[in-house]
Amino acid sequence: MKVMLLTHSFTPEISPPQRRWSIIADELGQLGHEVTVVTPKSNRIATKRQSRLLDNHYLKLQHYPSMRRSKTMLGKVLKHGVDAVLSVPAAFRGQKPDVIIATVPAIPTLIVGFVASRLRGVPLVVDLRDAWPDLLSESQVIKFRWVEPAISKIISFVVNKSDMLVTVTYGLAGKMKRNGVKNVATITNGVETEREDLTVAQREIDGELHILYLGNIGRSQGLETVIQAMEYVPESVRLRIVGQGTEKSKLMSLAMDLGLDIDFQDPVYGQEVLENYSWADTSLVSLRPDWPSFNHTVPSKLYELLYLNQHVSGLVRGEAAEIIRDSEAGTVIEQDVPSLAAYINNLVANPGILRTDRRGTDWVMKHGSLRQAGREYAELLATVVDAYSKR
């Protein structure tokens, strides 16, 4: 098959969709398919491993110019909209594909994918990684009252008109089916379990407890609960927050107001990520409790933490909480300050709880292989193309 992928982030960028699709696209290529990726031009320099993934005859990148990144939510929304417009010529360049995949949450990409699939006469697969459109209304990212319902209707229209909707969680798939979407499949997130260079040295117990949060620092994470809980734990507990996002400055101000010594650091990549994991005794995965869509949301970072044998402290609900419990490699905590403070104090008193004995690694090997996801995608795409040809 000739597969066209529309995505707002691809190698050498570093992001959740990049991690998912660089491996799936590579696996599709190794299975004999041709993959064309329509994505913004990147200023990042590819690592040796990324260069190997890109330097293949079956993979073609069709770049288009992109706006600069913005730290504000409005700026991000504007960037995705402008980038989508700029992507249109690239989506119509070259040979006609057999199928187009549009990966979301960059919502304008969904619209470009729909238009391109209809004008080029090929099926459309929507790869839905977040709980749109519900998350749009819950987050209130768009302040104008009439805009959010309009965008939600557009998303619902395109999803229902797509030839296949792929979700990354089973809960979201069930919800979309109940909403009337007919063709729905689930291909979960994960990691490249075949990589042998991803290893993390385990920290020895030394009287301190090191807690790490590494990732996006936005409204979705609800990290103010973590900051506030630090008021009620011993000084031997060290909290490090690594990343960038719209809420970082607010969290830093909150910590300062409470007189807390919290280590805020800039985003890190590659080997520096592993070094932070080596520093940590437990890593936080957090989603705020008051947005219902997070009942069927699983942060992609969770698979990485489990695979790397990290102990996970989960401020999550629903499917993400089920994964932590099923893997037996961490603990799910009630999402309030007293519960989190009590949990941290229990870890201080009983550090043996932090031992995972590779249970998370074993769980991801069985349930979270991105190479397996690529093989599942190949079978699914073949079914979609065959069904489309018989109309």
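Computation of the quantities below employed the complete heavy-atom set of this structure, encompassing side-chain atoms and omitting hydrogens, waters and symmetry-equivalent molecules. What you are looking at is a predicted structure, and each value in this text was computed from that prediction instead of being measured.
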Pairing residues for [X] by the salt bridge (Lys or Arg N to Asp or Glu O under 4.0 Å) criterion, not counting sequence neighbours:
| X | answer |
| --- | --- |
| K41 | none |
| D55 | none |
| D266 | K248 |
| K250 | E247 |

Quick one: side-chain contact (heavy atoms from CB on, under 4.5 Å) partners of T47, sequence neighbours excluded?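 Result, side-chain contact (heavy atoms from CB on, under 4.5 Å) vs T47: R49, Q50.
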List in chain and number order the residues that pass side-chain contact (heavy atoms from CB on, under 4.5 Å) with R391, two or more places apart in sequence or in another chain; answer none if no residue qualifies.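 With neighbours one apart ignored, the set is D163, Y388.
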On the 0 to 90° scale, with breaks at 30° and 60°, tag the H210-W279 ring pair as parallel, tilted or perpendicular.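 Taking W279 first and then H210, their aromatic rings lie parallel (interplane angle under 30°).
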Taking A102's backbone N and O only, do any of them form a donor-acceptor pair with D127's side chain (distance below 3.5 Å, no angle check)?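 Pair absent, no side-chain N/O of D127 close to backbone of A102.
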Does the N345 side chain pair with the main chain of A341, one donor and one acceptor, at a distance under 3.5 Å? yes
Distance-only donor-acceptor pairs under 3.5 Å for side chains of residues 225-241, two or more places apart:
| residue | atom | partner | partner atom | Å |
| --- | --- | --- | --- | --- |
| R238 | NH2 | D261 | OD2 | 3.1 |
| R240 | NE | D263 | OD2 | 3.2 |
| R240 | NH1 | N276 | OD1 | 2.8 |

Got more than 12 heavy atoms from elsewhere within 6.0 Å of [atom1], [X]?
| X | atom1 | value |
| --- | --- | --- |
| R120 | CZ | yes |
| I45 | CD1 | no |
| N43 | CG | no |

For [X] and [Y], does a side-chain donor sit closer than 3.5 Å to a side-chain acceptor?
| X | Y | result |
| --- | --- | --- |
| T39 | T7 | no |
| Q62 | T36 | no |
| E13 | S42 | yes |
| R20 | N189 | yes |
| S339 | D336 | yes |

Test side chain to side chain donor-acceptor pair (under 3.5 Å) applied to [X] - qualifying residues, sequence neighbours left out:
| X | answer |
| --- | --- |
| Y343 | S313 |
| S51 | none |
| R355 | D357 |

Interatomic distance, F10 atom CZ to L59 atom CG [nearest 0.5 angstrom]: 5.0 Å
Rounded at 0.5 Å granularity, tell me how far CE in M164 sits from OH in Y377.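 If we round to the nearest 0.5 Å, M164:CE and Y377:OH are 9.5 Å apart.
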Take S283 and V312, measure what side chain to side chain contact (heavy atoms under 4.5 Å, CB included) needs, and give me the verdict at the end. CA-CA 5 Å; S283 291; V312 175; 5.6 Å; no
Donor-acceptor list for residues 327-334 side chains, cut-off 3.5 Å, not counting sequence neighbours:
| residue | atom | partner | partner atom | Å |
| --- | --- | --- | --- | --- |
| S327 | OG | I323 | O | 3.2 |
| S327 | OG | I324 | O | 2.9 |
| S327 | OG | A329 | N | 3.4 |

Which pairs with one or both residues in residues 303-318 pass salt bridge (Lys or Arg N to Asp or Glu O under 4.0 Å), sequence neighbours excluded? K301-E304
